[in-house]
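By convention in this document, chain letters (A, B, ...) are assigned in the order of the sequence lines, proteins followed by strands, and residues within each chain are numbered from 1. Keep in mind that the numbers below use all heavy atoms, side chains included, and drop hydrogens, waters and symmetry copies.
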Protein chains: 2
Amino acid sequence: MQNPDWDIFRYVIAVVDSGSAVAAAERLGVNASTVLRKIAKFETDNGVRLFEKRQSGYRPTAECATIVEEARKIEQNVMAINRDLLGRDLRLEGRLAVTTTDSLLVSLLAPLIEVFTAHHPRIRVDVSVTNSRLNLPKQDADIAIRASKMPPDTLVGQRVSGLVFAVYAPAVFADGTSDDRGQVLGNSRWVGIGQALSASPVGEWMSRNVAPGQIAMTADTFVAVRDCALAGIGIAVLPCCLGDTSRGLVRLTGPISEMDTSLWVLTHSDIRGAARVKAFNEFVTRELRAKSALLEGAGV
Amino acid sequence: MQNPDWDIFRYVIAVVDSGSAVAAAERLGVNASTVLRKIAKFETDNGVRLFEKRQSGYRPTAECATIVEEARKIEQNVMAINRDLLGRDLRLEGRLAVTTTDSLLVSLLAPLIEVFTAHHPRIRVDVSVTNSRLNLPKQDADIAIRASKMPPDTLVGQRVSGLVFAVYAPAVFADGTSDDRGQVLGNSRWVGIGQALSASPVGEWMSRNVAPGQIAMTADTFVAVRDCALAGIGIAVLPCCLGDTSRGLVRLTGPISEMDTSLWVLTHSDIRGAARVKAFNEFVTRELRAKSALLEGAGV
DNA sequence: TCCGGGTTCTGCATAATTGCAGATTGAATA
DNA sequence: TATTCAATCTGCAATTATGCAGAACCCGGA
């Protein structure tokens with residue numbers, strides 16, 4: 001006796017308004033059989049005859065009238081929901097969850113987000129900083145901006161630029177001559193990278209080129225590594241976009257190709273089709289490409 | 001961007017009210033996967049995040065609120081429809097389409113319908129008299145009361161009693177003695193049955209036992225045949241329920257077993273589950289069974 | 001009187017949905 | 001700290017709904 005499937009009322013309205021099941025089917029974008037069968041099922045389930053099935057079409061009975069009356073109210077409510085959804089989308093408002101690493105946020109993204117939110121005041125950007133690998137399940141973000149040689153194919157997106165790494169020293173270690181630099185590189189202690197990133201290109205380069213005894217400490221985010229290097233603990237590998245923009249650090253080497261990787265802007269959200277997602281995606285991609293010189297280490 | 005499938009709002013409400021997808025699934029009587037997937041599909045299609053998917057359950061977002069608000073109005077409207085349908089059913093009102101033959105209507109059904117409608121004043125019984133065979137497609141009736149040896153299995157129902165036929169003569173032909181009866185039977189002309197019923201047991205008996213030259217005329221309903229017999233045109237085969245209740249006719253024979261058949265009350269309507277259909281069905285079945293003596297020719 | 005265009009309706013093959021069972025996760029509890 | 005429990009997810013299989021093509025039918029007009 002219960003009546004699930006509220007969708008039936010959409011069919012009832014269509015049949016009443018168009019006069020026949022085939023016309024209703026065309027309006028609804030389904031086959032005429034579907035309309036016939038859905039109406040028949042509703043009549044069987046509820047013990048009411050909504051339409052006289054004439055050869056000239058489906059003619060609503062008197063009992064149909066009260067149902068249609070309520071169904072039209074439902075239609076109004078659904079249209080209100082659709083207007084709300086569509087309008088919100090067109091007006092570019094809502095929440096936008098972005099995940100990235102702290103180094104990218106500090107060096108590049110923060111000013112971009114500032115510009116974006118100023119331009120779209122009704123969009124609120126929620127940044128989640130996670131330095132762990134991006135293959136964590138249950139990605140709760142709409143957009144991910146991450147460094148990777150190849151992103152997992154569960155995420156879709158585009159490569160924005162290269163991302164290179166170099167060795168940096170606190171300025172107090174070196175006066176800037178190349179002789180000094182070589183000496184510092186050989187003799188200094190290091191600020192290493194945490195275990196969570198030991199499998200990354202940077203971690204692997206470190207394990208090959210830096211003896212364990214040289215490592216004074218590790219930190220598990222590049223911003224933390226930089227701050228420790230700035231404090232004079234040692235020299236460190238940093239992404240050039242972070243190292244080159246940090247006052248108080250000098251670059252000791254050029255970009256080291258073994259650590260080269262790429263920067264990706266990725267979307268795997270349920271709502272990747274939303275206008276605000278597209279807007280942010282396009283904006284960030286364009287701006288980051290414009291700054292590819294910094295990302296690819298051409299700054300020095 | 002459009003949003004078909006109004007049924008999704010039923011799911012949204014259930015999830016909001018019960019706090020998790022599994023609880024909503026239980027309330028809705030479906031599997032939890034169905035709820036998860038329907039919500040996910042809606043979010044993907046409309047670019048909106050309705051719920052935060054936490055381990056502790058689905059928590060509605062701010063954007064969900066306006067949708068739920070409208071969805072609750074929809075729920076009110078659907079409940080109004082359900083109340084209307086259920087109420088109408090319980091109050092036993094509405095239209096009830098009955099199809100039968102004129103002979104059954106005249107001899108038995110009319111007084112039964114009178115009692116039924118007096119007892120259920122809000123039910124309107126629409127009788128459609130069709131003497132053609134009952135295998136006509138597109139049976140537009142809720143209940144059919146018909147004579148048949150075996151009803152087609154597309155119709156469901158129950159056998160009410162036997163239905164027997166005998167030969168009747170207008171009273172002016174015979175004074176009632178058995179001698180007279182034999183003489184009348186052999187010498188009179190006949191009122192035959194129309195071609196539409198030639199394949200029925202009655203039609204076959206006629207073709208075997210009555211010479212074509214004896215047939216003065218035919219009519220295609222038994223009531224018409226009876227009226228012509230009453231007018232003195234000839235003798236005729238009639239169902240006993242009709243012949244025995246017709247003043248001015250005398251039965252010449254006992255029930256002729258070759259023409260025996262059964263009386264069925266059948267329902268194949270879309271709305272056979274409706275209360276008024278059941279009520280009429282039970283009433284008619286009970287009353288006809290009480291009169292089975294008449295139907296089976298015990299009246300003489 | 002026959003024919004054409006529209007309809008409803010029905011098998012049948014395919015596509016989509018659903019249920020089921022397991023994997024995974026997070027949090028609360030002993 | 002381990003462990004139990006309830007929740008979200010995800011392949012796979014079975015069920016269900018859908019589209020397609022044809023049959024049957026009615027109505028109007030040449």
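- Protein atom CG of A/L28 is 11 Å distant from nucleotide atom P of D/dT18, rounded to whole Å.
- Distance NZ (A/K41) to P (D/dT18): 11 Å, rounded to an integer number of Å.
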Please assess A/D126 against A/L96 for the test side chain to side chain contact (heavy atoms under 4.5 Å, CB included), listing each intermediate value before the final yes or no. CA-CA 6 Å; A/D126 292 336; A/L96 193 63; over 6 Å; no
Hey, mind stepping through A/M79 and A/E75 against side chain to side chain contact (heavy atoms under 4.5 Å, CB included) and telling me if it holds? CA-CA 6 Å; A/M79 285 173 64; A/E75 187 178 34; 4.2 Å; yes
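- Rounding to whole angstrom units, CD of residue B/E26 and P of C/dG19 are separated by 13 Å.
- The listed nucleotides are C/dT7, C/dC9, D/dC9; the one nearest the side chain of A/K53 is C/dC9.
- Per the geometry, CD1 belonging to B/I8 stands 14 Å off C1' belonging to C/dT18, to the nearest Å.
- For the pair A/Y58 and C/dG6, the criterion of a side-chain N or O lying under 4.0 Å from OP1 or OP2 is not met.
- Close to C/dT17, at under 4.0 Å from its OP1 or OP2, lies no side-chain N or O of B/K38.
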Which protein N or O atoms sit under 3.5 Å from an N or O of nucleotides 28-30 of chain D?
none

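- To the nearest 0.5 angstrom, B/E69 atom CD is 10.0 Å from A/I81 atom CD1.
- Atoms OG1 and CG, on A/T34 and A/L28 in that order, are 9.5 Å from each other to the nearest 0.5 Å.
- Rounding to the nearest 0.5 Å places CD1 of A/I13 at 11.0 Å from OG of A/S18.
- Using a 4.0 Å cut-off between charged nitrogen and carboxylate oxygen, B/R49 and A/D142 count as a salt-bridge pair.
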Heavy-atom protein contacts under 4.0 Å, nucleotides 10-16 of chain C, coded B base, S sugar-phosphate only, - none: BB-----
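- Taking atom CG of residue B/D5 and atom C1' of nucleotide D/dA17, one finds them 13 Å apart after rounding to whole Å.
- One can find a donor-acceptor pair under 3.5 Å joining the base of C/dT25 and the side-chain atoms of B/Q55.
- Rounded to a whole Å, the OH atom of B/Y11 is 12 Å from the P atom of C/dT17.
- A salt bridge does not link B/K38 to B/E43: none of the charged nitrogens lies less than 4.0 Å from a carboxylate oxygen.
- Here B/S56 does not reach the OP1 or OP2 of D/dA6: none of its side-chain N or O atoms lies under 4.0 Å away.
- Residues satisfying the side-chain contact (heavy atoms from CB on, under 4.5 Å) test with B/N77, not counting sequence neighbours, are A/E70, A/K73, A/I74, A/N77.
- By the 30° and 60° cut-offs, the orientation of the rings of A/F42 relative to A/F9 is perpendicular.
- Atom CD1 of A/I39 and atom P of C/dC9 are 11 Å apart (whole Å).
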